[in-house]
Amino acid sequence: MIRITFPDGRVQEYPHGVTAMEVAKSISEGLARNVLSAKVNGEVIDAQRPITTDSTLQLLTWNDKEGKATYWHSSAHLMAEALEALYPGTRFGIGPAIENGFYYDIDPGDHTLTAQDLVQIETKMIELAKKNSEYRRQEISKDEAIRYFTEKNDPYKIELLQDLKDGDITFYTQGEFTDLCKGPHIPNTGHIKAVKLLNIAGAYWRGDETRPQLTRIYGITFPKQKELEEYLHLLEEAKKRDHRKLGQELELFMFSEKVGSGLPIWLPKGTALRQRLEDFLKAEQIKRGYTPVITPHIGHKALYETSGHWEKYGQDSFQPIHTPREGEEFMLKPMNCPHHCEIFGHKPRSYRDLPLRIAEFGTVYRYEQSGELHGLTRVRSFTQDDAHIFCTPDQVKDEFLNVLDLTMMVIRKLGFETFTAQISLRDPENKSKYLGSDENWAKAEQAIIDATKEVGLPTTTELGEAAFYGPKLDFMVKDALGRSWQLGTIQVDYNLPERFQLEYIGADNSKHRPVMIHRAPFGSMERFIGVLTEHCAGKFPLWLTPDQFAILTVSDRFQSLAETVLQTLQQAGLRGFIDDRTESIGKKIRDNELRKIPYMLILGEKEAESGQLSVRRQGEGDQGSMTIPDFVQLIQSQI
RNA sequence: GCCAGAUUAGCUCAGUUGGCAGAGCAGCUGAUUCGUAAUCAGCAGGUCGCGGGUUCAAGUCCCGUGUCUGGCUCCA
């Protein structure tokens with residue numbers, strides 16, 4: 001007998017070799033029907049695998065994250081079975097579960113798969129799923145496995161096998177399809193009831209752009225048709241929040257083929273919004289001891305040779321601008337740091353001057369790969385809410401904490417409740433990629449880890465994600481479609497001060513090297529506004545939104561009244577406009593609802609007599625009437 | 001940069017087998033002066049992304065290219 005410990009702490013004895021499925025059945029048949037896999041001693045395994053030692057056991061169903069992952073991974077195998085049936089000779093790469101669904105990377109050979117083929121594959125998957133085929137696990141020797149895939153002519157699987165140890169290799173088979181796989185899988189294909197293949201894309205084999213490009217098919221499956229429909233509805237809703245769509249509808253920004261791709265053009269409403277955001281941060285920075293500066297948009301190539309950026313990114317940048325005089329080369333600035341280093345270095349600095357916090361909303365230009373451009377979130381010209389803090393090594397941690405506080409304040413003020421913070425450290429396997437000494441790197445990495453711990457900020461740590469000059473802390477939020485974007489960033493840099501030979505005179509009357517902290521709470525105005533637009537679905541916070549109210553006249557007899565009201569509200573510091581088109585009131589309401597104007601003030605006979613305002617809230621409807629001062633008060637109370 | 005798809009009026013989109021370029025919304029003009037999500041009528045709006053080719057004839061077929069979309073790679 002072995003002892004099984006359940007998540008609630010209950011312990012029960014079962015025969016040696018019992019499976020999770022048998023345990024589930026002993027509890028209830030209903031539970032057993034829903035079990036997809038099991039977590040045994042922390043490891044997720046097939047529900048049908050025998051348990052041979054005293055263990056903790058958690059039965060995994062659709063309601064568990066790991067249960068879903070098992071389900072979707074098995075769905076990837078089902079899709080592979082369908083592909084093999086429909087397109088014999090297809091070769092397979094890898095097919096994992098992802099956050100929402102799964103994908104499989106395949107090499108379809110001469111055949112090119114297109115989106116039109118997906119429906120046919122879905123139909124085949126459903127047909128195969130209905131056979132209730134079991135997912136059968138089989139341990140196999142490396143030689144035998146290689147023989148199988150050699151016969152099948154699948155070089156990708158053979159390559160995967162090369163990296164595996166003999167004795168660790170398992171195959172899974174369902175129906176007619178056998179795959180190299182460590183598992184686990186769901187009991188049988190019958191659990192898969194609803195299938196949607198979402199899109200098709202190219203993906204480099206093993207993520208390496210020098211290797212062949214495979215076809216990646218993304219899909220998602222559900223145990224119930226209704227759940228699939230709900231998910232697809234959710235996707236539709238998310239698309240409505242896309243900042244590229246809302247940006248066009250709300251006339252925030254545009255792109256022009258003639259101006260160039262990746263170069264956003266800010267329209268009046270977008271500019272109003274953006275400037276308000278900038279003003280908010282500028283005011284906050286003044287309070288916190290930052291000094292604003294302004295620097296040019298270009299700089300000598302030599303500046304970037306000094307900074308090291310030319311060596312690192314020169315080939316992939318906008319190429320130098322040549323002047324009429326021979327031999328002069330200027331770069332569009334890809335970042336503001338070198339200019340700010342020159343500011344620090346332009347006169348002798350004392351330790352009494354530190355920390356020196358230099359801030360600039362600096363527009364930079366980076367030649368991003370054409371395929372990577374995406375709305376406002378990945379562009380070729382953008383404005384960083386940049387600042388560089390020059391301080392003594394002893395001040396690093398306090399300054400880091402201050403910046404952390406500012407960044408979290410900014411993110412929360414804009415209504416992002418769920419964000420994650422990622423500490424990016426250097427790849428210990430590949431230290432030559434980075435500039436700067438081992439000792440400095442270790443110090444900087446420790447400063448970040450300590451500071452985030454001190455404020456209790458939950459973080460994830462990624463090795464190899466650091467910038468080439470130093471470790472960093474990035475704040476990440478998700479867009480409407482669940483794609484993660486980096487917003488604010490804080491980076492410790494021991495390298496640039498070295499390269500620019502920056503110095504200050506210490507209390508000991510000798511020269512010392514300052515430490516530099518790069519930081520941008522928004523990250524870039526473009527990306528931040530893009531992500532913010534999706535986050536609030538175009539309904540910006542009242543303090544930020546371009547227009548807070550619209551005055552809708554019931555007929556043009558009320559035009560002069562509308563103008564008086566507008567003036568009064570503007571004098572009270574509110575922003576709005578009169579919709580005086582000769583349209584019906586219903587039409588004006590509809591249009592301004594769609595433009596997401598937070599408040600609509602309807603002005604007609606009734607208001608002319610009472611002197612009050614009829615107030616309508618966007619998305620909520622009629623709020624009844626109130627006096628002008630009450631309305632001003634209402635808006636101010638929400639800012 | 002790579003793979004796949006898209007590209008027609010300001011916007012959203014039709015356009016059959018290659019045979020005169022279409023609709024709705026927006027715009028303009030006129031009528032209507034209206035009470036909480038679309039008043040009515042008329043008018044105007046196009047080098048079908050761009051450049052080649054095939055053809056008696058190309059929005060439609062072929063080649064090249066720009067831009068966009070979904071991913072991959074990249075992201076100072």
Side-chain angles (χ1 to χ4, degrees), chain A residues 103 105 108 112-117 198-218 239 242 244-245 248-249 251 254-258 260-262 304 307-314 316-317 333-338 364 366-375 377-380 384 435 465-470 472 474 481 483 485-486 489 491 493 495-496 518 527 552-559 581-594 600-607 614-625:
Chain A
Y103 66 79
D105 284 346
T112 302
L113 279 173
T114 68
Q116 274 101 56
D117 299 321
L198 296 158
N199 54 50
I200 199 161
Y204 297 109
W205 171 234
R206 310 195 100 176
D208 182 342
E209 63 179 322
T210 64
R211 308 293 308 270
Q213 194 154 33
L214 304 183
T215 302
R216 176 170 298 179
I217 305 176
Y218 285 91
K239 276 186 194 154
D242 192 312
R244 293 166 299 184
K245 182 177 155 68
Q248 184 187 51
E249 286 170 4
E251 298 192 353
M254 60 171 273
F255 289 92
S256 150
E257 209 172 301
K258 274 213 183 84
S261 67
Y304 302 101
S307 71
H309 291 104
W310 171 255
E311 183 196 352
K312 186 86 182 172
Y313 294 102
D316 304 318
S317 297
K333 71 175 172 187
M335 80 289 297
N336 305 297
C337 349
V364 298
R366 295 179 185 177
Y367 188 79
E368 303 291 357
Q369 294 185 59
S370 60
E372 197 43 61
L373 300 173
H374 181 96
T377 46
R378 194 77 186 271
V379 288
R380 285 177 171 167
Q384 296 177 309
L435 300 173
E465 290 290 311
F468 74 90
Y469 53 74
K472 57 181 183 173
D474 291 324
L481 292 174
R483 290 174 291 214
W485 292 99
Q486 176 216 312
T489 179
Q491 315 184 356
D493 187 349
N495 177 56
L496 271 187
H518 310 247
R527 178 175 291 180
L552 316 188
T553 48
V554 171
S555 87
D556 51 18
R557 289 191 287 124
F558 306 105
Q559 179 66 17
R581 295 172 301 160
T582 56
E583 293 286 354
S584 71
I585 196 69
K587 171 72 164 174
K588 291 186 193 182
I589 286 169
R590 178 180 158 80
D591 287 350
N592 288 294
E593 283 280 342
L594 293 174
M600 279 154 270
L601 307 173
I602 288 105
L603 241 54
E605 196 61 50
K606 216 164 67 188
E607 291 71 30
S614 279
V615 178
R616 182 188 168 93
R617 183 78 169 107
Q618 198 272 352
E620 290 173 23
D622 195 355
Q623 308 286 296
S625 48

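Order of the sequence lines sets the chain letters (A, B, ...), proteins ahead of strands, with each chain counted from 1.
Residue contacts for A/S370: at a heavy-atom cut-off of 4.0 Å it reaches a base atom on one of the strands shown. Among the protein residues, A/S307 comes within range of no part of the nucleic acid, since none of its heavy atoms lies under 4.0 Å from any strand. Among the atoms of the strands shown, none is found under 4.0 Å from any heavy atom of A/K588. The residue A/Q384 sits apart from the nucleic acid: no heavy atom pair falls under 4.0 Å. No contact: A/Y103 has no heavy atom under 4.0 Å from any strand. Nucleic acid contact class of A/G604 (heavy atoms, under 4.0 Å, all strands): base. Counting any heavy atom pair closer than 4.0 Å across all strands shown, A/A203 reaches sugar-phosphate atoms only and no base atom. Backbone-only contact: A/G207 has heavy atoms under 4.0 Å from sugar-phosphate atoms and none from a base. A/E605 comes within contact range of at least one nucleobase, with a heavy-atom separation under 4.0 Å. Within the 4.0 angstrom heavy-atom criterion, no nucleotide atom of any strand lies near A/K245. Within the nucleic acid shown, A/A467 comes within 4.0 Å of sugar-phosphate atoms alone, with no base atom in reach, counting heavy atoms only. Within 4.0 Å (heavy atoms only), A/R557 reaches sugar-phosphate atoms of the nucleic acid but no base atom. When heavy atoms are screened at a 4.0 angstrom cut-off, A/D556 is found touching base atoms of the nucleic acid.
The side chain of A/K239 contributes no N or O atom lying less than 4.0 Å from OP1 or OP2 of B/rU69. Not one side-chain nitrogen or oxygen of A/T215 sits closer than 4.0 Å to the OP1 or OP2 atom of B/rC3. A/H374 has no side-chain polar atom (N or O) that falls below the 4.0 Å cut-off from OP1 or OP2 of B/rG71. For A/R244, no side-chain nitrogen or oxygen approaches OP1 or OP2 of B/rC68 to under 4.0 Å. Contact check, A/K587 against B/rA26: a side-chain N or O comes under 4.0 Å of OP1 or OP2. One finds a side-chain N or O of A/S584 lying less than 4.0 angstrom from the OP1 or OP2 phosphate oxygen of B/rU39. OP1 and OP2 of B/rG5 both lie 4.0 Å or more from every side-chain N or O belonging to A/T114. For A/Q248, a side-chain nitrogen or oxygen approaches OP1 or OP2 of B/rU12 to under 4.0 Å.
For the C1' atom pair drawn from B/rC50 and B/rC68, the interatomic distance equals 15 Å after rounding to whole Å. The separation of B/rU8 from B/rC56, taken at their P atoms, amounts to 30 Å, rounded to a whole angstrom. Rounded to whole Å, the separation between the C1' atoms of B/rG52 and B/rU47 comes to 15 Å. For the C1' atoms, the distance from B/rG71 to B/rC20 is 42 Å, rounded to whole Å.
Here B/rC75 presents its P atom at 13 Å from CG of A/D474, a figure rounded to the nearest Å. Per the geometry, OH belonging to A/Y204 stands 10 Å off P belonging to B/rC74, to the nearest Å. The nearest whole Å value for the distance from the CZ atom in A/R380 to the C1' atom in B/rG66 is 12 Å.
Aromatic stacking of A/Y218 on B/rG71: not satisfied for centres closer than 5.5 Å together with planes under 30 degrees.
Judged purely by atom type and a 3.5 angstrom limit, A/T553 has no side-chain atom pairing as donor or acceptor with the backbone of A/D556.
Ring-plane geometry between A/H374 and A/W485 is classed as tilted, the angle between the planes lying from 30 to 60 degrees on a 0 to 90 degree scale.
Under the Watson-Crick or G-U wobble criterion, with both distances below 3.5 Å, B/rC68 is paired with B/rG5.
Two residues, A/S614 and A/I200, neighbour RNA chain B, and the one matched to the more 5' nucleotide by heavy-atom proximity is A/S614. Residue A/V554 is the one, among A/P334 and A/V554, whose nearest nucleotide of RNA chain B lies closer to the 5' end (criterion: closest heavy atom).
Between the side chains of A/Y204 and A/R206, not a single donor N or O lies within less than 3.5 Å of an accepting N or O. Side-chain atoms of A/E607 and A/S625 include no donor-acceptor pair closer than 3.5 Å.
Put simply, the side chain of A/R616 and the base of B/rA37 share a donor and an acceptor less than 3.5 Å apart.
Side-chain proximity of A/Q213 to the nucleotides B/rC2, B/rG35, B/rA37 is greatest for B/rC2. Distance from the side chain of A/Q369 is smallest to B/rC74 among B/rC74, B/rU33, B/rU36.
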